Every structure is written in C-alpha cells, then in structure tokens.
There are 4 protein chains.
Amino acid sequence: MPKPTFFNLPEEKRQRIVELATDEFAANLYHAASLSRIVERAGIAKGSIYQYFEDKMDLYIYIFGLAAETKLAAIQQAMAALGPSPGVFDILRAAIRAGFELARSNPKLAAIGMNFLRERDPAVRGPVLAAFMPMGEAMMDQWFRTAVETGEIAPWVEPAVARLSYTTLANTAMEHMAEGHMTLDEAARLLEGVVDVLEYGLRPRAEAGGGPEKGGRRQ
Amino acid sequence: MPKPTFFNLPEEKRQRIVELATDEFAANLYHAASLSRIVERAGIAKGSIYQYFEDKMDLYIYIFGLAAETKLAAIQQAMAALGPSPGVFDILRAAIRAGFELARSNPKLAAIGMNFLRERDPAVRGPVLAAFMPMGEAMMDQWFRTAVETGEIAPWVEPAVARLSYTTLANTAMEHMAEGHMTLDEAARLLEGVVDVLEYGLRPRAEAGGGPEKGGRRQ
Amino acid sequence: MPKPTFFNLPEEKRQRIVELATDEFAANLYHAASLSRIVERAGIAKGSIYQYFEDKMDLYIYIFGLAAETKLAAIQQAMAALGPSPGVFDILRAAIRAGFELARSNPKLAAIGMNFLRERDPAVRGPVLAAFMPMGEAMMDQWFRTAVETGEIAPWVEPAVARLSYTTLANTAMEHMAEGHMTLDEAARLLEGVVDVLEYGLRPRAEAGGGPEKGGRRQ
Amino acid sequence: MPKPTFFNLPEEKRQRIVELATDEFAANLYHAASLSRIVERAGIAKGSIYQYFEDKMDLYIYIFGLAAETKLAAIQQAMAALGPSPGVFDILRAAIRAGFELARSNPKLAAIGMNFLRERDPAVRGPVLAAFMPMGEAMMDQWFRTAVETGEIAPWVEPAVARLSYTTLANTAMEHMAEGHMTLDEAARLLEGVVDVLEYGLRPRAEAGGGPEKGGRRQ
DNA sequence: AATGAATGAGAATTCATTCAT
DNA sequence: TATGAATGAATTCTCATTCAT
C-alpha cells in the first residue's frame, strides 16, 4: 500500500509515476523491471520512491491493482449489459470481449496482467495472489459453480479447473496477439471459438455416466 | 554444447553439476538462475564452469535438452504402445500421461520445461527454440495437421493454435499440481477430461457451417 | 558525457576522481586501465562511479576531452601570438612548442593523448575519433590544405598523410622524452629541426617535375 | 627463451604452435593476446605451452624474434644488392622496399612489429627492447653515424633521432596501408617520397651555421 | 613429456535500498 | 518532505598459471 505521502502528491506527479511504473512492469517481469529506470524516466529522485512506497513490491502491487481494477470494471460493465441471469458462456464471451477491448485501448494495463501470469518466483506470486485472489479467481469460480448448479454445464466440471483453463487460454491468445501473430480481431474471434468448443464439450450429455468416458473426476 | 572437458569429468562430479544446475533452472527462470550459486553449491571454482560450458546459455540449453530428451523419450514410448496410426486425441492422452509420469518421477526435469514456457525474454526463448523447435513444436503441429487431413478434427482448427492451447493447458495443470493444489492423479485425470472436451468440441460437426469458421458466435 | 551527479559532487571529490582517472588512463591504454583501481584509490564504492558516468568509455572520453581541450587551448594561444596568416610551418612550430609546454606542465594530460595514438582497438578509437575528430584531425588537415593552396608547400603533399606524419613524429618525440631519453628542451628543439627539414623538403621546387609526383626516386 | 622441450617437438607441431602464436600476436597487442586462444586453436593442452615456454612473455619474445630475424634477413639481402658502400638514403630506400615486400608476402610477421611499436606497458617494452635492441636500433644508428662521417648528411643530425623518425614514419605508413587506406604500392612510393624529402632536407647545406636556423642541436 | 582440470583474482556493470542533508 | 549521493553485494565472464596424474 502506498504511503500517505504518495497521495499527497500533486495529481500530475502522481500520474506520471503511475504511468512510468506501468510502462516498466508492462515491459518486464518483476525482477527484470528496474526501479532505477522508473525514477530516472519519471524525473524524480531515487530516494523519493521510497517516500511513496515501502519497496519495489509495494509499488508493484499498487500498479497491478490499478490494472486489475480497470479490467474488472470493464468486465462488470460488459456483464451488466447481458441482462438478468446470463449463462456462463455468455459471461465468458462478454469477459473475453471486454478483456480484448481493454488490450486494444490500453495494452500496457493488459500486459501487466499477462506478465503476472508468467511470473514464477513465489516471492512475487504470493503477495500478489494474497492481495487479489478474491477479486479475480473467486469471482470466476463463482460463475462456474453457478453454472453447474443451473445445469448449464456438466457436474463433473470443477470450477477452479475451468477457471484456470479459461485464464490460461485467454492469456495465451492475448500474448500470441501481442507478439504480432494475430490481429486483435482474430484473437478475439479465435477465443470465442474456443468458448464455443468448451460450450459444446462441457454441456451435460445424454450419455450414461454423466461425464467423459476416459477421464474427468468420477468419484 | 558442453565442452569436451565436461564429458571427461569423473562421472560423479559431472552428475553433481548437472543435478545442481537442474535444481537452479528448475527453481528459477533463466535470468534469476545464478551461475554463482551453482558453482558455490557444487564446491567448484568460479572459473571452472567455463571450462565445461561456453557460457550460461550453453549450460541452460544443455540442461534443458536433457529434460526435453527425457520427456520426448517418455512420450514416444507411450505412443509406441498405442498401436498403428493412433488418433490425435489418443496421442494427446498418451502424451499427457507420459508427461505426468515424468513429473512424478522427476519433478525437477518437468519444472525446467514448465519454466521455459513462462520465459518472456526473446534472448532466452530464441536460442532454445532454435535448438529444440523441431523436437517439440514441429512434432505437435504435425499431429494436428495429420488429424485435419484424416478428418479426425474439423478443418477450421489451426495446428499452431491447437498446439499452443494444448501446451499451455497442460503446463498450467502441471504447475497447478506442482504447487500442491492437486494430486498428480487428479491433474492427469483432469487434463484427460479436457482432451475429452476438445475431442468432442473439435470434431467435424454435422451442422451447417461446419464450425466457427470465423470463430464468430452462433446464437 | 558525465551524468549530472558528477557535477554536483563537491569540488574536491570531483577533482580527486578526475585526477585518479587521469593517472590511470595516462599509465595504461584503455583496456588495461581499470575502473576498479580508480574507485579503490579514490576510496569510493564500486557502484558510485556509475552514478557519475555511463560506463568506462564515458569516463574515458571525458578525461580524454579534458586533455584535448587543454592542449587545444594551448595551441590556439600559441597560434594567436603568430600574427595574421602565419605559414604552416610556423604553425607547426608553434603547435610543437605548445605541446611540449603542456607536457612539461602536465605530463599526465599529455600522456593521455600519446596513449590514444597507440590505441589499436577500433572499439576504442571509433568513439573517441567520432567525438574529437573535428577538433584534432580536421583542424590539421585544414592547415595543410591551405598551405597547398597558398603555394607554401608542393601540391603533391596529401593533407592526411602530412598530418599523420607530423602527429606520429611529434608523438614519438614526446614519448621518447617522457621516457627520459631526452630533456624537454632537447626534444622540442629536435622536433623543430624536423620541421625545418620538412619545410625545406616539402616546398615547391624549381626542378622539372615539381616533386615526387608518384613518390618515385629521382636519381 | 623456449625450453629445450620445445625444440624436441616434432617439426610439424612446433610449426603449428609458432604459426598460431604469430596469428594471435599479429592480431592483438600483448595484453589482449590470449594464451588460451593460442592453445585452443593449436589443439594442444593448456599446460603444454608451459612445458615449452616459461610464460606468456617468453613465448612473445620468441615469436617477436622470429619476425625480427626474418625482417632483418630481408633487409640485409636488399642491402647486399646495393653494391659496396651504399649511401644511407639508398639503404633506407632498400630497407623500405624490403619491409614492404615482407608486409606483402607475410603480413602477419609485419603486424607483430607494428604492434610492438604501439605497445605501451613498460613491462612489455622492456624485455623485448633488452633482447633486440642491438639487432634493430643499434644497426640503424650505425647507418646514420656513418652517413655523418662520410658527410652524406649534415653533422647536426643525431642518429637515434633519425632512426626514431624513420621507424615511426615507416610504421605509420604501413599501418595506414594495413588499414586499407592505401595500396601497398602507394604506401611504398609514399615512403620513398618521404626519404626524398629527408635526403633533400638533411643533406649538408651551403649556408653558414651548419644546420637549420631555428632548431637542431647546436651545442 | 604431456595432459587438461582447477584455480581464483580480476574485469565491467546493475540493482534495490539507505541516509545525511 | 524531497533529495540524490553512497553503498556493496551480486551478476557473468576471462585470464595466466599451477599441478596432480
């Protein structure tokens, strides 16, 4: 959490710091990101950043949070347009569109999220997950849990697993796109195609057994 | 490629170096891994590691190669047991089982592969891909291409995208497991479930249009 | 170019760093000069020198520039005393005297220039020449070009070659002196003698052919 | 001096070592030259070079000596063709031609000499000069001394200075050429032109005073 | 006599963090 | 509250030389 000092800063200066820190964490994983570069580009004193934030991690969590908030807001707005009690696959499609919209309008915010999903060091993942798990993972798990309850998807689908799969695939598609292998439109359509597949594959089937024959959780 | 010096080393010493380097690259992405730590733990002089390898990347590629070889061998053995001309989804299931088997018997080797999939720096990805692409990506792309030709999956499925999706999902599941959230059996069964879904979702359908050709929504 | 930090340093400290760096580059060619030694002698932390300069080359160019400026100022002052439109050989004699004056009053500054003339690595020569060519080589070439135009020296004398010869000879004489084989006065007189010879030898001659046009022998 | 071991080596192996060491010292000044590279390319064991030579300097002096011998032989052969009691300027021209001939036929040997003339570290210059001074400098000094005695050049010309000037100019021209700014022929002709200038400038003049007006040694 | 593995000092450079002003 | 200089440990890599086999 930033120190009070940070919020006493003139708006413009605070903005500049946020912006340049965002740039840095969008372009590099945590350890490769450099505080020195941030303060240098922001034109502030090296020591000042420690007046505003406890340390590098504190700054990172703050920046990550801003990106997460923005994305969450976009998703919730998209969901609000879906009407009452939308299906989980409609939610997913809406979330995808919202996510890609954000990636188009603000690629750096999106990059911060993508980078985090690549983060490996537990010393980095831990604090961030601790801070944001409820906001991200918990929300999605709820979607799937509901979908199972409403019978929209088969009962053998585990929420955490579905969420992880969706997240992973979405991130992969966005990176594939960010690396220039696809246009944003192609990536979005592709991912909606994946949802189609999931929708088709995950829905309860008429077959006896209530799940895929050879795998899945049958206990 | 290691220098000849390395292969002239007493078996035991060579083993120790491989093991400690494997530990290091299993626990850290490339840049976070430290040659200094490796030599320190191995109890050899700073300069000695450069008697064995050209540089850090040379060592990394060697260690990565050992992991890749082991994994490839396991996969090919599993495929050999499938009988003649197996379907792509049977291959995937076999590969998954083999991969998870390896992760059980040698979690560090598996971790090296998982870490690479998180690698972001092109200066790291590039040389490794150059060295191992034929062995990994090219092989998988071929599976999917064949499956399209044999009509096993729908023609709108792009090999590279399918491969990326599969790889990413498998990696995520393995990491999920490696972090202790699932037992190995659970993870394996889960992933086979995903393949079930894919098999069901990707196969050519009788409906008009034959699939999400543009990836668009059909509702 | 030094970083602003460097110029904010207390005068005394800045002086000490300049002095010790000058010592180091006066005593060693670029690659043999050691930043570690400089910081050690200066009693500052290893990392501090990078607060002041971008890198080793940045420091070297700065130190070289100080030496070059000093020498140039001395030469221009000497030239100013020559009266209007002096002949090229008068200029050379003045430059020699000024250079040797400098070598007497500040042998280390002179040594830096002499060392550069011994430098072989293009990675060292390149950046320095790029920064100082106009100040050094271009200026001298102009002297000789003018001298050809005014008919003071024969038209078959190429500016670049004349400049190179003069520079090399002057450098050799100064080094010879710096090594204690001659007194400064002896060296200066000697070099003026060389200029005499050149003046006599290079001037347009009455003989047919006007000089060694092809550089060939005439006997 | 090489150890006896070296001369017991099979001819071919000895040749290879000499050749590759020559390459290395032709391409780099002493400190930049790497024993490691030499033994690596020669395909001999690192330790072996220490069976043949005391240390790096011992090897360098040996290689330098071979180059010096070759050059000296070429010069003496050229001088032998001059007939009895040749003039000093004819000797110089012959020496120049011989030197450039050698640079054409064996650029590496020539490069070793050129590099030495750029050497700065007294720890390098010292031992080499001690070993070869009589062979090189003493010989040339004798030429000029004789020329003064025979009245061929003016008495105010000091042998050591004339030798240094000649050496320096010749080296500069050869380097200029080696860097591709001149063809070998152009360089040779240019240098003979310089000798012309020297011949013209250094010869005893009719003027009173017996030397150049403003400079020269008048004691 | 030959080998070649081992050594360790030394090189340049980067970094997050501290602290006196 | 802001500054920005100072820190020193850490990084990868190179080198001439030694020494047990």
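Just so we're clear, the structure is a prediction, and the values are computed from it rather than from any experiment. Letters go in sequence order (proteins before strands), and every chain restarts at 1. Note that these values count all heavy atoms, side chains included, but never hydrogens, waters or copies made by symmetry.
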Residue closer to the 5' end of DNA chain E, D:Phe6 versus A:Arg37 (nearest nucleotide): D:Phe6

Given DNA chain E, 5'-ward residue of the pair B:Gly47 and C:Asp55, judged by closest heavy atom: B:Gly47

Full working for side-chain contact (heavy atoms from CB on, under 4.5 Å) between C:Glu119 and C:Phe116: CA-CA 5 Å; C:Glu119 207 66 66; C:Phe116 176 72; 4.3 Å; yes

Counter-base of F:dT21, judged by Watson-Crick or G-U geometry with both distances under 3.5 Å: E:dA2

Base-pairing mate for F:dC15 - Watson-Crick or G-U, with both contacts under 3.5 Å: E:dG8

Contact under 4.0 Å: D:Ser36 side-chain N or O vs F:dC15 OP1/OP2: no

Touch class at under 4.0 angstrom, heavy-atom based, for C:Ser34 against every strand present: sugar-phosphate

Between D:Gln15 and D:Glu11, a side-chain donor and acceptor under 3.5 Å: yes

Aromatic contact, B:Phe64 with B:Phe25 (centres under 6.0 Å): no

Closest listed nucleotide, where the reference is the side chain of B:Tyr50 and the choices are F:dT7, F:dC13, E:dA2: F:dC13

A:Ser48 side chain, from C-beta outward: closest of E:dT17, E:dT13, F:dA2: F:dA2

Residue closer to the 5' end of DNA chain F, B:Lys56 versus D:His31 (nearest nucleotide): B:Lys56

base_contact_polar (E:dA1 base, D:Gln51 side chain, donor-acceptor, <3.5 Å): no

Protein-nucleotide distance (A:Tyr52, atom OH; E:dT17, atom P), rounded to Å: 17 Å

Gap between atoms CD1 and P, on A:Ile38 and E:dC15 respectively (whole Å): 11 Å

Test applied, side chain to side chain contact (heavy atoms under 4.5 Å, CB included); reference residue, A:Ile38; option that passes from A:Asp23, A:Leu59, A:Ile44, A:Thr22: A:Leu59

